[in-house]
2 protein chains.
Amino acid sequence: MIKNMRVRVELREKPEKPWSLDEISQFLSQQGIRPSFYRLKIFEYLINERTHPTADEIYEVLRKDIPAISRATVYNTLRLFLEKQIVQLLNVEKNEARYDANLTWHGHFKCLACGQINDVEIKDLKLADLDGYQVLEKHLDLKGLCPSCRERNKFKEQEGLNG
Amino acid sequence: MIKNMRVRVELREKPEKPWSLDEISQFLSQQGIRPSFYRLKIFEYLINERTHPTADEIYEVLRKDIPAISRATVYNTLRLFLEKQIVQLLNVEKNEARYDANLTWHGHFKCLACGQINDVEIKDLKLADLDGYQVLEKHLDLKGLCPSCRERNKFKEQEGLNG
DNA sequence: ACAAAACATTATAATCAGTATAAATTTATA
DNA sequence: TATAAATTTATACTGATTATAATGTTTTGT
């Protein structure tokens with residue numbers, strides 16, 4: 001009798017087609033998470049949107065369809081998802097926890113102008129001597145200006161900042 | 001008449017010998033920061049210790065020698081150092097801002113058992129297509145178990161965790 | 001099906017790192 | 001020395017997150 005057995009699934013980087021509630025329900029069950037309505041909806045948002053939302057962003061979006069949902073439920077559910085390791089926590093910015101259902105190894109670029117976070121493909125990473133260390137999490141976070149924000153501000157950039 | 005001109009200095013990864021208060025004073029002046037006593041002491045701690053401390057850790061340590069110092073001064077000073085870009089902010093952990101006076105490109109490993117943060121040398125990093133992006137900050141954060149904590153817990157690791 | 005246990009959700013209060021404010025002190029300079 | 005500018009302080013505040021405790025909902029054993 002096997003208990004507490006979970007199948008670890010490498011989530012695909014971009015879903016060719018969105019996950020159905022049925023698929024999500026099955027997936028959550030596999031991971032030892034009872035697929036309640038709110039959990040389905042929260043995971044659906046994370047896996048099908050991919051905007052690296054904050055807890056509050058999720059709350060505000062879902063509230064439009066489900067006015068009864070509470071902030072606490074969103075926080076509780078995200079904490080559960082983290083514990084069960086089906087989402088990862090991004091600390092790109094201080095005081096701004098973001099959540100990502102894409103567990104493949106990739107980096108994040110945050111635009112300091114528009115605030116958007118984009119995925120960055122990592123071709124290769126070589127580190128020195130981590131013998132004896134057990135690495136459980138890796139995060140690569142970049143910050144700067146995205147192409148469209150640079151375009152929008154070309155004038156200022158050419159002028160140069162010397163403050 | 002040149003104003004607001006600063007010399008950007010790549011700080012050495014490990015100081016062979018600690019920076020003297022005189023050197024720090026000169027350095028802060030170069031960077032456009034008036035070298036007040038508290039600023040000297042805070043930067044001295046950051047540059048000579050290299051423990052990636054939180055604001056509160058700095059406050060508690062300095063308070064032993066300088067009981068008059070206030071928490072607000074430490075926060076104010078660290079914010080100033082960030083603005084002037086002579087230290088970098090580490091967001092390895094949520095709700096735990098840490099500060100690093102080493103601005104050379106390196107990663108950080110946080111041990112989940114003892115909480116210590118060690119530097120990690122990055123031999124090589126190749127990213128895909130960031131054409132059009134302007135990268136201003138890079139952070140590589142690892143988490144896991146450090147050698148001494150693994151040693152301490154060898155028993156548990158061998159047993160395996162299947163929860 | 002029924003009771004008990006386990007789990008899920010909610011509203012509210014509490015926490016805690018960090019920030020803003022405004023007064024007091026120190027330093028620079030006319 | 002006066003006056004302005006910068007620095008430091010104590011205190012109050014903010015805002016994201018967590019804890020609490022009450023309520024509602026499934027699951028499980030009988």
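Note: hydrogens, waters and symmetry copies are ignored here, and every other heavy atom, side chains too, is used. In what follows, every chain begins at residue 1, and chains take the letters A, B, ... in the order their sequences are listed.
For Leu40(A) and dA8(C), the CG to P distance is 12 Å, given to the nearest whole Å. Rounded to whole angstrom, the span from the NZ atom of Lys84(A) across to the C1' atom of dC7(C) amounts to 12 Å. Between the CD atom of Glu93(A) and the P atom of dT17(D) there is a distance of 13 Å, rounded to whole Å. Taking atom OH on Tyr59(B) and atom C1' on dC16(C), their separation rounds to 15 Å, with Å as the unit. Between the OH atom of Tyr38(A) and the C1' atom of dT25(D) there is a distance of 12 Å, given to the nearest Å. Distance Arg39(A) CZ to dC7(C) P: 10 Å, rounded to the nearest Å. What separates CG of Leu80(B) from C1' of dA20(C) is a distance of 17 Å, to the nearest Å. dA17(C) atom P lies 12 Å from atom CZ of Arg98(B), rounded to whole Å.
Relative orientation of the His52(B) and His106(B) rings is tilted, given thresholds of 30° and 60° on the angle between their planes.
Proximity of Lys94(B) to the phosphate of dT18(D): a side-chain N or O atom is located under 4.0 Å from OP1 or OP2. Here Thr54(B) does not reach the OP1 or OP2 of dA17(C): none of its side-chain N or O atoms lies under 4.0 Å away. Contact check, Arg79(A) against dT17(D): no side-chain N or O comes under 4.0 Å of OP1 or OP2.
Within residues 65-78 of chain B, the residues having any heavy atom closer than 4.0 Å to DNA chain D are, in order of number, Ala68(B), Ile69(B), Ser70(B), Ala72(B), Thr73(B), Asn76(B).
Not counting sequence neighbours, Tyr38(A) has no partner by the ring-ring contact (aromatic ring centres under 6.0 Å, His included) test. Leu21(A) is linked by a side-chain contact (heavy atoms from CB on, under 4.5 Å) to Ile24(A), Leu40(A), Glu44(A), counting only residues two or more places apart in sequence or in another chain. Residues forming a salt bridge (charged side-chain N to carboxylate O under 4.0 Å, His left out) with Lys126(A) (at least two apart in sequence, or on another chain): Asp124(A).
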Exercise. How far apart are the C-alpha atoms of Asn91(B) and Asp141(B), what are their side-chain angles, what is the distance that settles it, and do they pass the side-chain contact (heavy atoms from CB on, under 4.5 Å) test?
Worked result: CA-CA 9 Å; Asn91(B) 291 317; Asp141(B) 302 326; 5.7 Å; no

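Looking at Ile47(B) and Phe27(B), their side chains never come closer than 4.5 Å, going by heavy atoms from C-beta outward.
With rounding to the nearest 0.5 angstrom, the OH atom of Tyr133(A) is 4.0 Å from the CG atom of Asn118(B).
Of the two residues near DNA chain D, Asn95(B) and Phe37(B), the one whose nearest nucleotide lies more 5' is Phe37(B).
Residue pairs satisfying the ring pair (Phe, Tyr, Trp, His ring centres under 6.0 Å) criterion with at least one member in residues 58-97 of chain B, sequence neighbours excluded, are listed as follows: Phe43(B)-Phe81(B).
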What are the atom names and distances for every N/O pair under 3.5 Å that joins the protein to nucleotides 25-30 of chain C?
none

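Lys143(B) contributes no side-chain N or O that, together with a main-chain N or O of Glu93(B), makes up a donor-acceptor pair within less than 3.5 Å.
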